[in-house]
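This report refers to the structure that appears directly beneath it.
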Amino acid sequence: QMQLVESGGGLVQPGGSLRLSCTDAGFIVPYTAIGWFRQAPGKEREGVSCISQIGNYTHYADSVKGRFTISRDNAKNTVYLQMNDLKPEDTGVYYCAADSYIDHSVCVIHDDDEYNYWGQGTQVTVSS
């Protein structure tokens, strides 16, 4: 089945950590660049991070640099987003998406129209 599934969201206090996972049955994740996006209530969806298909290139939004780390394990059909030092402004629904068009050595997060497969999202809430 051609579907991405996110997991790992939840409620965490400021300064805490979460690790999100994005996986599928093996039809999409190992063969595509993967991006993480988020949408807070009342705001537009924004790109958070991405990793190229072969894992050699990563990119982060300025707001999460130094706090979030993206990685992938293609043998497990999974991409991870490790989120540390979480802040209330990180709250939102986090989506993973696959870009099957882009070259295998790069990825982008400024244009979510690049991405042609999306998951249903997982809620992350950072609050005391």
Side-chain angles (χ1 to χ4, degrees):
Q1 187 174 359
M2 307 282 278
Q3 183 177 359
L4 301 178
V5 179
E6 303 96 337
S7 62
L11 173 64
V12 64
Q13 293 186 341
S17 298
L18 287 172
R19 188 176 79 159
L20 305 184
S21 297
C22 173
T23 190
D24 79 324
F27 298 108
I28 304 172
V29 170
Y31 308 106
T32 60
I34 298 293
W36 284 97
F37 298 81
R38 67 186 180 190
Q39 188 165 23
K43 295 188 176 181
E44 290 189 357
R45 187 166 60 194
E46 64 173 346
V48 175
S49 181
C50 67
I51 186 166
S52 62
Q53 186 266 322
I54 59 175
N56 64 312
Y57 177 83
T58 59
H59 184 65
Y60 298 92
D62 288 344
S63 59
V64 306
K65 279 181 183 176
R67 299 188 297 121
F68 290 11
T69 302
I70 192 169
S71 62
R72 67 189 304 153
D73 185 340
N74 286 344
K76 295 183 178 180
N77 309 326
T78 304
V79 170
Y80 304 98
L81 185 67
Q82 178 67 42
M83 306 187 296
N84 298 330
D85 190 23
L86 283 160
K87 305 176 186 297
E89 52 263 41
D90 295 317
T91 293
V93 179
Y94 282 69
Y95 301 90
C96 70
D99 180 356
S100 63
Y101 300 122
I102 203 166
D103 183 83
H104 65 280
S105 61
V106 294
C107 64
V108 297
I109 56 172
H110 66 272
D111 183 4
D112 57 10
D113 286 341
E114 275 278 331
Y115 290 80
N116 49 329
Y117 296 102
W118 289 82
Q120 295 298 307
T122 184
Q123 176 70 45
V124 171
T125 302
V126 185
S127 175
S128 55

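We're numbering straight along the sequence, starting at 1.
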Working to the nearest 0.5 Å, report the span between OH of Tyr31 and OG of Ser100. 13.5 Å

Shortest non-hydrogen contact from Ile28 toward Ala98: CG2-CB, 3.4 Å

Give the minimum heavy-atom separation between Gly8 and Leu18, together with the two atoms involved. O-CD2, 3.8 Å

Measuring only between side-chain heavy atoms, which start at C-beta, is Val108 closer than 4.5 Å to Cys50? no

Would you kindly say whether Asp99 and Thr32 are connected by a side-chain donor-acceptor distance under 3.5 Å? no

Validation row: Ser71, Tyr80 side chains within 4.5 angstrom (heavy atoms): yes

Validation row: Val64, Arg38 side chains within 4.5 angstrom (heavy atoms): yes

Please name the pair of heavy atoms, one in Pro14 and one in Ser128, separated by the smallest distance, quoted to 0.1 Å. CD-N, 3.7 Å

Atom CD of residue position Glu44 - does it have more than 12 heavy atoms of other residues, nucleotides or ligands inside 6.0 Å? no

Do other residues, nucleotides or ligands put more than 12 heavy atoms under 6.0 Å from Gln120 CD? no

Could you give the distance from OG (Ser21) to CG (Leu4), rounded to the nearest 0.5 Å? 12.5 Å

Salt bridge check, Lys87 against Asp90: does any charged N sit closer than 4.0 Å to a carboxylate O? no

Quick one: closest heavy-atom pair of Ser105 and Ser52, and the distance? C-CB, 3.5 Å

Grouping I, L, V, M, F, W and Y whenever their side-chain heavy atoms are under 4.5 Å apart, do Val48 and Ile109 come out in a common cluster? no

Does the Glu6 side chain pair with the main chain of Gly121, one donor and one acceptor, at a distance under 3.5 Å? yes

Value for CZ (Arg72) from CG (Asn77), rounded to nearest 0.5 Å, stands at 10.0 Å

Mutual orientation of the aromatic rings belonging to Phe68 and Tyr94 [parallel < 30°, tilted 30-60°, perpendicular > 60°]: tilted

Quick check for you: to the nearest 0.5 Å, what is the distance between Asp112 atom CG and Glu46 atom CD? 11.0 Å

Any side-chain to backbone donor/acceptor pair from Gln53 onto Pro30? Under 3.5 Å, distance only. yes

Answer yes or no: is there a side-chain heavy-atom contact under 4.5 Å between Ile70 and Val79? yes

Would you compute the distance between atom OH of Tyr57 and atom CG of Asp103 and round it to the nearest 0.5 angstrom? 12.0 Å

Is it possible for you to say whether Val5 and Phe27 belong to one hydrophobic cluster, with membership spreading through side-chain heavy-atom contacts below 4.5 Å? no

Applying a strict under-4.5 Å side-chain criterion to I, L, V, M, F, W and Y, I'd like to know whether Val124 and Val93 cluster together. no

Parallel, tilted or perpendicular: rings of Tyr115 and Phe37 (30°, 60°): perpendicular

Would you name the heavy atoms of Asn56 and His104 that are closest together and state the gap between them? OD1-O, 4.3 Å

Indicate if Val12 and Leu20 have the same hydrophobic cluster label, given that clusters are the connected sets of ILVMFWY residues with side-chain heavy-atom separations under 4.5 angstrom. yes

Answer yes if Tyr95 and Leu86 sit in the same cluster of Ile, Leu, Val, Met, Phe, Trp and Tyr residues linked by side chain heavy atoms under 4.5 Å apart, and no otherwise. no

Check whether any side-chain heavy atom of Arg67 sits under 4.5 Å from a side-chain heavy atom of Tyr60, and report yes or no. no

On a heavy-atom basis, the closest approach of Gly9 and Thr122 is N-OG1, 3.2 Å

Inter-residue atom distance Tyr101.OH - Asp113.CG, 0.5 Å rounding: 10.5 Å

